[in-house]
Amino acid sequence: MSQTDMVSTKADLPPAPTGLSPDALFDKCNALARNLWWSWQPEVINLFRDLDPIRWRQLDHNPIALLSEFTPERLEMRAAELVLFSRINHAFRRLKEYMTETATWARTHVGVLGSKPVAYFSLEFGVHESVPIYSGGLGVLSGDHIKSASGLGVPLVAIGLFYDQGYFKQHLNAEGYQQEEYLDTKVENLPMEPARGTDGKPITIEIPTRNRPLLAKVWLMHVGRVELYLLDCDVKENSPEDRELTSRLYGGDNRTRIRQELVAGVGGIRALKALGIKPGVYHLNEGHSGFATLEAIRERMSDDGMSFDDALRNVARHTVFTTHTPVPAGHDRFDGGLIEEHLGPLRDQLGISFDQLMGLGRVEPQNGNETFCMTVLGLKLSRRANAVSNLHGHVSRRMWAHLWPWRVEEEIPIGHITNGVHVKSWLAWQMQQLYDRHFPANWIKRTGEPEVWQHIYDTDPGELWETHNALKNLLLAFVRRRVSRQCRRRGENDDAVEAARNVLDPNILTLGFGRRFATYKRADLILRDADRMAKLVNDPKRPVQIIFAGKAHPADEPGKQLIKRIANMRHDSRFAGRITFVEDYDINVCRHLIQGVDVWLNNPRRPLEASGTSGQKAVLNGALNLSILDGWWAEAYDGSNGFAIGKGTQHVDDTLTDSRDGKDLYRVLEEEVIPLYYDRDIDGLPQHWIRRMMNSISSLAWRFSADRMVADYVRTAYLPAAGGLSCEMNIH
Ligand SMILES: *Cc1c(COP(=O)(O)O)cnc(C)c1O
């Protein structure tokens with residue numbers, strides 16, 4: 001915050017009306033910006049935005065970057081103009097109160113966790129768009145998990161990697177083909193500081209390999225009450241190549257991948273040790289960080305004098321493993337050479353043979369042809385494993401049944417805890433204000449409780465509809481701004497830019513589809529029969545429009561072709577202005593979409609969507625889900641809280657499945673969704689639709705909240721693991 005130095009005329013300025021000096025005001029704003037707590041406080045977000053709305057948008061809603069453009073004196077002037085002093089003071093006081101609050105849910109619910117926190121490992125964290133260290137759903141889930149843990153007061157520290165280039169920014173070229181751009185993140189604009197060890201010095205940890213050791217420094221980010229530690233290989237003692245090891249998320253080959261996972265897992269445990277943190281539970285969010293268990297075993301052997309077998313059992317009892325991947329090909333696998341190169345020195349210290357080590361990552365330990373699978377490691381080295389929805393639990397038990405050949409499928413020890421979303425992060429503040437008027441006081445602290453949400457039926461239908469439409473208008477303004485910018489960037493002519501400024505119509509039923517363009521998600525399902533779709537889109541009385549967004553993995557050529565096809569529909573006169581593609585899907589784009597659409601569309605090929613969470617975000621804001629009965633929707637849909645495509649069956653033949661699902665999608669649109677939306681009373685209100693919005697909110701918002709999810713983890717996984725309770729699972 002060097003801006004302070006630039007000012008030399010402090011003495012000439014009148015004192016601030018509150019008695020706060022400009023410096024003190026500036027410090028308060030910076031303190032707010034340096035704890036990501038602000039990112040789920042509408043009042044604080046609005047405060048930052050009001051300081052300079054245009055720069056706020058241009059700077060990706062990054063308050064540190066914004067404040068770096070202010071001197072304390074200019075900030076004070078701006079605050080005086082806008083009468084912000086009391087808002088700044090109030091926000092600052094609330095942050096202080098939050099950080100010191102003791103009467104949390106956890107105080108009465110976490111018993112044995114007490115002083116030994118959960119160490120939550122994940123390779124990506126999606127906390128806010130201004131901190132680009134996530135790619136998609138997994139990262140956003142981790143972010144929501146730690147935000148809820150913070151709110152509930154669950155003792156938890158999080159460990160991940162810092163990627164200075166993050167994931168790519170997406171642009172489409174004139175042909176509609178995806179271009180990937182990696183930008184260097186300015187570290188000084190992120191709410192991070194070097195983490196300090198027990199000796200007060202910044203930490204650097206070292207991980208031996210068969211070649212040169214890998215070094216990593218450790219950053220600390222405050223996410224409310226949760227400390228998020230991020231390892232970063234950009235240290236000068238590393239080789240130039242290794243300095244870039246943690247530059248990009250999901251960049252590089254398998255060797256890069258294992259090295260990243262080595263840093264996150266083994267490095268993560270070493271970082272905790274240097275920090276003086278002794279976790280009571282290790283939670284591996286996906287197999288990526290599984291090497292952590294091996295280092296934890298080594299620690300117990302060297303610190304507590306345990307044998308390898310005892311240490312393994314002990315670590316497993318304290319480890320919780322969450323699997324997210326319903327397809328075998330989606331699991332990380334490494335060959336023996338990579339394993340020995342990176343885990344050889346650790347293996348020496350563990351005193352086990354190469355085959356023993358490989359056996360920990362193999363279904364058949366003796367099978368020399370089998371590669372090392374991180375999910376197998378996670379399953380073997382945890383006593384508690386879970387999938388992320390009820391259906392995914394079934395799929396995972398079937399997929400891993402061969403690890404327990406003597407058991408029937410129902411007894412495979414993989415349970416499920418369905419994902420949820422952090423309500424305060426995804427709920428539009430306009431909607432929150434509506435809820436504030438009708439829900440019990442302090443409801444926002446009880447979002448995981450069903451009773452709270454029943455009060456949606458106390459709201460006036462017209463009021464709910466009006467709020468929804470206000471949000472829809474904001475979304476359309478956002479889309480128009482984005483797509484006209486996209487046109488300008490591609491150098492299109494003025495007519496095209498002007499047309500982009502006028503796309504979409506607020507009176508038309510609006511569907512949203514935003515997610516990764518993996519082919520199993522079938523973004524183009526709704527376009528399978530272009531003529532039938534054109535009829536729906538252009539119906540004179542009851543038209544439909546669609547907003548698409550999403551990135552394809554850089555190596556996913558079919559995914560990129562899908563994007564191209566959809567993006568180019570704007571050139572087809574039947575769809576122009578009614579089917580749009582918003583580039584660079586991220587947390588910000590997602591938030592706009594799920595807050596403003598009428599219908600959130602999700603049509604993966606069942607059962608490949610482990611859970612999905614974007615539809616849960618849409619629920620909070622009154623959008624209705626129209627989805628295949630897959631992932632979370634298979635357990636959420638009750639016939640009156642949204643729409644189902646098909647009956648939750650799947651065919652062995654993908655072509656048949658796609659064809660049948662496509663027809664079902666058109667049918668439900670034509671027979672249910674469109675008629676219900678356009679069925680208006682004399683005041684123009686779609687009463688039956690609004691009723692369905694209320695059913696959706698009351699039956700789903702609490703169940704699929706991250707507060708409910710984290711509470712489930714505490715009760716069914718963390719507490720037993722912290723107590724070191726053994727469950728029947730014993731597979732070693
Ligand atoms: C919520 C979210 C996701 C996850 O959405 P799915 O429903 O799992 O596809 C992905 N990306 C971003 C940016 C999100 O905010």
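Reckoned from all heavy atoms, side chains included, excluding hydrogens, waters and symmetry mates.
Side-chain contact, N538 with R574: no donor N or O sits under 3.5 Å from an acceptor N or O. Counted by atom type alone, R489 and Q486 present zero donor-acceptor pairs between their side chains at under 3.5 Å. Defined by atom type and a distance below 3.5 Å, a donor-acceptor pair is missing between the side-chain atoms of Q170 and E583. With hydrogens and angles left out, the side-chain atoms of S142 and N285 include a donor and acceptor closer than 3.5 Å. Residues E609 and Y520 bring a donor and an acceptor atom of their side chains to less than 3.5 Å of each other. A side-chain donor from one of W600 and S614 sits under 3.5 Å from a side-chain acceptor of the other. Using a 3.5 Å distance cut-off with no hydrogens or angles, the side chains of N625 and W633 do not pair a donor with an acceptor. There is no side-chain donor-acceptor pair under 3.5 Å between T467 and Q430. Under 3.5 Å, the side chains of R49 and N46 contain a donor-acceptor pair of N or O atoms. For D184 and Q165, the side-chain atoms include at least one donor-acceptor pair closer than 3.5 Å. For the residue pair E181 / Q179, no side-chain donor-acceptor distance below 3.5 Å is found, with atom types taken as modelled.
Taken to the nearest 0.5 Å, the CD atom of Q41 stands 9.5 Å off from the CG atom of N35. In this structure, the separation between CG on D539 and CG on L536 is 7.5 Å, given to the nearest 0.5 Å.
Among residues two or more places apart in sequence or in another chain, the salt bridge (Lys or Arg N to Asp or Glu O under 4.0 Å) test is passed with E193 by none. Residues meeting the side-chain contact (heavy atoms from CB on, under 4.5 Å) test with A91, sequence neighbours left out: L32, V44, L47. In terms of the side-chain contact (heavy atoms from CB on, under 4.5 Å) criterion, residue partners of R78 (sequence neighbours excluded) are, by chain and number, L51, P53, F70, E81, L82. Scored by the side chain to side chain donor-acceptor pair (under 3.5 Å) test, D664 finds no partners at all (sequence neighbours excluded). In this structure, the side chain to side chain donor-acceptor pair (under 3.5 Å) partners of H61, at least two apart in sequence or on a different chain, are E129. Here R528 pairs with L525, D658, S659, Y666 under the side-chain contact (heavy atoms from CB on, under 4.5 Å) rule; sequence neighbours left out. For the side chain to side chain donor-acceptor pair (under 3.5 Å) test, no residue two or more places apart in sequence or in another chain qualifies with Y182. Partners of D50 under the salt bridge (Lys or Arg N to Asp or Glu O under 4.0 Å) rule, at least two apart in sequence or in another chain, are R87. With sequence neighbours excluded, no residue forms a salt bridge (Lys or Arg N to Asp or Glu O under 4.0 Å) with D494. Residues meeting the side chain to side chain donor-acceptor pair (under 3.5 Å) test with E175, sequence neighbours left out: none.
The shortest heavy-atom contact between T519 and P558 is CG2-CB, 3.7 Å. Here the closest heavy-atom approach between residue Q616 and residue G420 is recorded as OE1-CA, 3.4 Å. Summarising the geometry of G550 relative to F581, their closest heavy-atom pair is O-CZ, 3.4 Å, with the distance given to 0.1 Å. R565 approaches L527 most closely through the heavy-atom pair NH2-O, 3.2 Å. Here the closest non-hydrogen pair linking L665 and L626 is CD1-CD2, 4.0 Å. Between P132 and T185, the closest heavy-atom pair is CG-OG1, 3.8 Å.
Taking the six-membered ring wherever Trp is involved, the centroid distance between the rings of W689 and F643 falls below 6.0 Å. Note: F513 and F548 meet the aromatic proximity criterion, with ring centroids under 6.0 Å apart. The aromatic ring centres of W40 and H128 sit 6.0 Å or more apart.
Between K186 and E188 there is no salt bridge, since no side-chain N of the basic residue sits under 4.0 Å from a carboxylate O of the acidic one. Of the charged side-chain nitrogens involved, at least one lies within less than 4.0 Å of a carboxylate oxygen, so that R532 and E670 count as a salt-bridged pair. Salt bridge annotation for D661-R522: present, with a cationic side-chain nitrogen under 4.0 angstrom from a carboxylate oxygen. Using a 4.0 Å cut-off between a side-chain N of Lys or Arg and a carboxylate O of Asp or Glu, D60 and K169 qualify as a salt bridge.
With respect to S135, the side chain to side chain contact (heavy atoms under 4.5 Å, CB included) criterion is satisfied by exactly one of F168, Y250, Y163: Y250.
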Requested in this report: In sequence, state the C-alpha distance, the side-chain angles, and the governing distance for R248 and D164, and then conclude on salt bridge (charged side-chain N to carboxylate O under 4.0 Å, His left out).
Outcome: CA-CA 7 Å; R248 295 179 180 184; D164 57 6; over 6 Å; no

Requested in this report: For side chain to side chain donor-acceptor pair (under 3.5 Å), just list the numbers for N173 and R490, CA-CA rounded to whole Å, side-chain angles, deciding distance to a tenth of an Å, and then say yes or no.
Outcome: CA-CA 6 Å; N173 67 14; R490 283 191 290 254; over 6 Å; no

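The backbone N or O of I508 lies less than 3.5 Å from a partner atom in the side chain of T510, making a donor-acceptor pair. Proximity of a side-chain donor or acceptor of S122 to a complementary backbone N or O of F125 within less than 3.5 Å is not detected. With hydrogens and angles disregarded, a donor-acceptor distance shorter than 3.5 Å links the side chain of D630 to the backbone of L608. Counting only distance, with no hydrogens or angles, the side chain of H553 and the backbone of A555 share a donor-acceptor pair below 3.5 Å. Side-chain atoms of E124 come within 3.5 Å of backbone N or O of G136 as a donor-acceptor pair. Checking side-chain atoms of N621 against main-chain N and O of W426 turns up a donor-acceptor pair under 3.5 Å. No donor-acceptor distance shorter than 3.5 angstrom exists from the side chain of K551 to the backbone of D584, with no hydrogens or angles considered. Under the 3.5 Å distance criterion, the side-chain polar atoms of D144 are matched with a main-chain donor or acceptor of H422. Between the side chain of N469 and the backbone N or O of W465 there is at least one donor-acceptor pair closer than 3.5 Å. The backbone N or O of E498 sits less than 3.5 Å from a side-chain atom of N502, completing a donor-acceptor pair.
Counting only residues at least two apart or in different chains, ring-ring contact (aromatic ring centres under 6.0 Å, His included) contacts with residues 477-497 comprise F478-H592. Counting only residues at least two apart or in different chains, salt bridge (Lys or Arg N to Asp or Glu O under 4.0 Å) contacts with residues 470-484 comprise K472-D598.
Crowding of E466 atom CD: a count of heavy atoms from other residues, nucleotides or ligands under 6.0 Å not exceeding 12.
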